[in-house]
Trainee: 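Dumping the structure here so I can ask a few things about it.
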Amino acid sequence: MSLESVRQFFAEHAPEIEIIELAESTATVELAARAHGVTPGQIAKTLSLKVKDEVVLIVTRGDARLDNRKLKAALGAKARMLSVDEVINWTGHPVGGVCPFGLENPLTVYCDVSLRNFDEVLPAAGAIHSAVRISPQQIADLTAARWVDVCEAR
């Protein structure tokens with residue numbers, strides 16, 4: 001179902017983008033980078049967080065780590081990672097397939113500036129074996145994301 005909601009999202013908003021489906025799992029940054037023949041940084045991971053009473057998504061490069069101080073400054077409060085069940089309930093996507101597209105619920109999306117180091121990144125597409133090739137700016141445009149600097153410099 002999750003892959004189908006992403007497929008429908010792209011059919012409506014960016015039909016030129018094709019969903020890549022692989023036989024092997026791409027559920028972790030390392031697996032995805034190996035499967036797609038790219039560096040771990042080019043895998044766009046989507047983190048699901050709760051800030052105060054709001055669930056938000058942060059899309060960042062695969063080898064980046066959240067900087068809690070920067071995160072609190074940018075979002076105005078401490079954040080906590082969602083549990084596996086919360087991720088599924090809020091996004092409709094399984095952990096390892098979470099992306100900012102085709103969401104179960106409308107969520108605020110942020111893109112970390114670290115994504116701008118690449119012309120093209122590969123976020124998941126709603127399943128642990130799917131992805132899309134897309135520019136960081138197009139992710140932001142399609143999801144009405146705000147650019148933030150919330151990760152440690154690498």
Trainee: Grab the two heavy atoms, one from His36 and one from Leu22, that are nearest each other, plus how far apart they are.
Mentor: CE1-CD1, 3.5 Å
Trainee: What pair of heavy atoms forms the shortest contact from Ala74 to Val150, and how long is it?
Mentor: CB-CG1, 3.7 Å
Trainee: Do Glu54 and Leu75 come close enough that some side-chain heavy atom pair is under 4.5 Å?
Mentor: no
Trainee: Looking at side-chain heavy atoms only, is the closest gap between Ile128 and Thr26 below 4.5 Å?
Mentor: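 The answer is no, as the side chains (C-beta and beyond) never meet within the 4.5 Å cut-off.
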Trainee: Counting C-beta onward and ignoring hydrogens, is there a side-chain heavy-atom pair between Glu16 and Phe10 closer than 4.5 Å?
Mentor: no
Trainee: Report yes if some heavy atom in the side chain of Thr108 is under 4.5 Å from a heavy atom in the side chain of Leu57; otherwise report no.
Mentor: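 With C-beta onward as the side chain, the pair stays apart.
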Trainee: Does the Lys50 side chain pair with the main chain of Leu82, one donor and one acceptor, at a distance under 3.5 Å?
Mentor: no
Trainee: When you measure from the side chain of Ser2 to the backbone N and O of Gly126, does any donor-acceptor pair fall under 3.5 Å?
Mentor: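 Between the backbone of Gly126 and the side chain of Ser2 there is a qualifying donor-acceptor contact (under 3.5 Å).
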Trainee: Quick check: are there more than 12 heavy atoms from other residues, nucleotides or ligands sitting under 6.0 Å from CD of Glu24?
Mentor: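 Enclosed: over 12 neighbouring heavy atoms sit under 6.0 Å from CD of Glu24.
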Trainee: Does Lys45 reach the main-chain N or O of Ala64 with its side chain, forming a donor-acceptor pair under 3.5 Å?
Mentor: yes
Trainee: Using a distance-only test with no angle check, is there a side-chain donor-acceptor pair under 3.5 angstrom linking Gln8 and Glu12?
Mentor: yes
Trainee: Run the salt-bridge test on Asp112 and Arg61 with the 4.0 Å N-O cut-off and return the result as yes or no.
Mentor: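 Here Asp112 does not pair with Arg61 in a salt bridge, since their nearest N and O are not under 4.0 Å apart.
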Trainee: Among side-chain atoms of Gln138 and Glu120, is any donor-acceptor pair under 3.5 angstrom?
Mentor: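 Side chains of Gln138 and Glu120: no pair found under 3.5 Å.
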Trainee: Could you report the tightest heavy-atom contact between Thr60 and Cys151, atom names first, then the distance?
Mentor: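 Looks like OG1-SG, 3.2 Å.
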Trainee: For the backbone of Ile20 and the side chain of Ser130, can you confirm whether one donor and one acceptor N or O come within less than 3.5 Å of each other?
Mentor: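 Between the backbone of Ile20 and the side chain of Ser130 there is no qualifying donor-acceptor contact (under 3.5 Å).
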Trainee: Would a 4.5 Å heavy-atom cut-off, applied to side chains only, mark Pro100 and Ile139 as touching?
Mentor: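 Yes; the side chains approach each other to less than 4.5 Å.
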Trainee: I'd like to know if Arg80 and Glu86 make a salt bridge, using a cut-off of under 4.0 Å between side-chain N and carboxylate O.
Mentor: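 Result for this pair is yes, salt bridge flagged.
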Trainee: Let me see the working for Leu47 and Val56 under side-chain contact (heavy atoms from CB on, under 4.5 Å), right down to the final yes or no.
Mentor: CA-CA 8 Å; Leu47 305 173; Val56 302; over 6 Å; no
Trainee: Hey, what do you get for CG (Asp141) to NE2 (His13), rounding to the nearest 0.5 Å?
Mentor: 13.0 Å
Trainee: Same cluster or not: Val121 versus Val132, using hydrophobic residues (I, L, V, M, F, W, Y) connected whenever any side-chain heavy atoms lie under 4.5 Å apart?
Mentor: yes
Trainee: May I ask you to check whether over 12 heavy atoms, not counting those of Asp119, lie within 6.0 Å of atom CG?
Mentor: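 No, the 6.0 Å shell around CG holds no more than 12 heavy atoms from other groups.
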Trainee: I want to check something: taking the side chain as every heavy atom from C-beta on, are Leu49 and Ile58 in contact at a cut-off of under 4.5 Å?
Mentor: yes
